[in-house]
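Please read the structure below before turning to the comments.
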Amino acid sequence: MRIVQLKRDSEAFVALVEEPNLRLINKFKTVFDLARSSINTGLKMSEIVLEYLSETLLDYDEIYLGQSDYQLITPIHHPLDSRFLMVSGTGLTHSASAENRNKMHEAINNNVATDSIKMYQIGVDGGKPNLGEIGAQAEWFYKGNGTVLKAHNEMLSIPNYAKDGGEEPEIAGIYINDLSGNPHRIGFATANEFSDHMMEKKNYLYLAPSKIRNCSIGPELVLDTDFSNILGNVSIKRNNKIVWEKNIATGEENMCHSLQNLEYHHFKYDNHRIPGDVHVHYFGTVGFSFGAGIVLEAGDEMIISWENMGRPLINKLNIDNSEPKIIDITQL
């Protein structure tokens with residue numbers, strides 16, 4: 001089952017994907033409200049969706065192309081305050097990402113493994129523990145709060161202080177904490193964990209600030225995806241022509257960590273289990289255009305698609321070429 005969030009002027013909607021249409025869902029205005037209802041009633045979200053389906057059908061093509069009064073928004077947000085939504089991720093979960101990172105930070109002596117390769121190997125050795133056991137910890141990074149999340153068709157921007165910006169095709173897990181602080185997985189979404197690879201390449205200790213960028217998820221939230229083996233494609237379109245593309249694969253069969261292990265190491269921290277908070281967590285990339293030497297230009301389209309994850313996520317690139325200015329801090 002796949003659902004989307006929509007807005008029309010000041011109105012909010014949730015809809016079920018019934019290709020080539022969207023069917024509006026009665027009673028619930030947000031996925032957050034649907035999730036809270038699931039927690040409170042003990043019913044699956046899919047059961048609640050089916051119970052409250054309306055008779056109203058919308059043309060998905062018009063909405064997807066941005067030609068409707070209805071607009072796709074991110075398939076999850078926190079309706080009270082975007083500061084109650086954490087965006088984070090794990091890196092070096094796929095062999096290709098480790099290889100790309102290794103090329104950025106190759107040791108002078110080729111016989112010495114970089115920290116990137118060492119971290120990936122830690123995952124290979126201990127990232128898939130037996131059920132109920134705790135495995136090795138993956139790399140973890142923070143991207144921001146809900147204000148950094150962009151929807152399908154929205155621009156992803158390279159800020160004026162950045163060195164670069166490039167797509168990272170991933171799948172993100174979507175979670176909500178109940179009022180006792182227990183995390184619940186809502187589902188998965190196609191994701192672009194947009195990052196500054198030039199800053200990261202300069203020195204791997206710049207990884208943390210290179211990740212504090214806007215990013216995107218959507219257009220759809222999938223409630224029942226099998227996360228074992230998911231095939232996909234990523235491409236860059238410039239002036240309506242494909243300048244680079246790659247077939248990709250993710251899911252546990254293609255990763256050195258299990259989903260359970262990644263989720264444990266994210267939610268083991270007390271401050272990640274604050275009641276009522278929402279989490280969007282990226283599970284790592286398998287390939288990106290920067291690794292192939294592609295430099296993105298303003299107006300380029302980043303297109304990411306995964307099988308059984310709904311329609312592709314498309315974002316255009318914006319570059320802020322203004323001069324950075326010192327921010328004046330007022331002494332109180």
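Since the model is a prediction, treat every value here as computed from it, not as a measurement.
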For this session: Determine, step by step, whether D61 and R311 satisfy the salt bridge (charged side-chain N to carboxylate O under 4.0 Å, His left out) criterion, reporting the C-alpha distance in whole Å, the side-chain angles of both residues, the deciding distance to 0.1 Å, and the verdict.
Result: CA-CA 10 Å; D61 285 338; R311 296 197 182 193; 2.9 Å; yes

Exercise. Does atom OH of Y206 have more than 12 heavy-atom neighbours from other groups under 6.0 Å away?
Worked result: no

For this session: Verify the neighbour count for atom CD of E19: are there more than 12 heavy atoms of other residues, nucleotides or ligands below 6.0 Å?
Result: yes

Exercise. Between W140 and H266, what is the ring plane arrangement, given parallel below 30°, perpendicular above 60°, and tilted in between?
Worked result: parallel

For this session: Classify the ring geometry between F283 and Y175 as parallel (under 30°), tilted (30 to 60°) or perpendicular (over 60°).
Result: perpendicular

Applying a strict under-4.5 Å side-chain criterion to I, L, V, M, F, W and Y, I'd like to know whether [X] and [Y] cluster together.
X	Y	answer
L22	V31	no
F32	L221	yes
V243	I158	yes
I176	L262	no
I174	I304	no

Problem set entry | Side-chain H-bond candidate by donor/acceptor type, Y282 with E168, under 3.5 Å | no

Problem set entry | Polar side chain donor-acceptor pair, T285 to E193, under 3.5 angstrom | no

For this session: Take D270 and R273 through the salt bridge (charged side-chain N to carboxylate O under 4.0 Å, His left out) test and state the conclusion after the steps.
Result: CA-CA 5 Å; D270 291 345; R273 300 195 309 275; 2.8 Å; yes

Exercise. Below 6.0 angstrom between ring centroids: does that apply to H197 and F288?
Worked result: yes

Problem set entry | Test of ring centre spacing under 6.0 Å for Y64 and H152 | yes

Exercise. Do the numbers put K7 on top of the ring of F13, so that NZ or CZ is under 6.0 Å from the six-membered ring centre and no more than 45° off the axis?
Worked result: no

For this session: Taking K128 for its side chain and G135 for its backbone only, find out whether a donor-acceptor pair lies under 3.5 Å.
Result: no

Exercise. Got a donor-acceptor contact below 3.5 angstrom from the K150 side chain to the S157 backbone?
Worked result: no

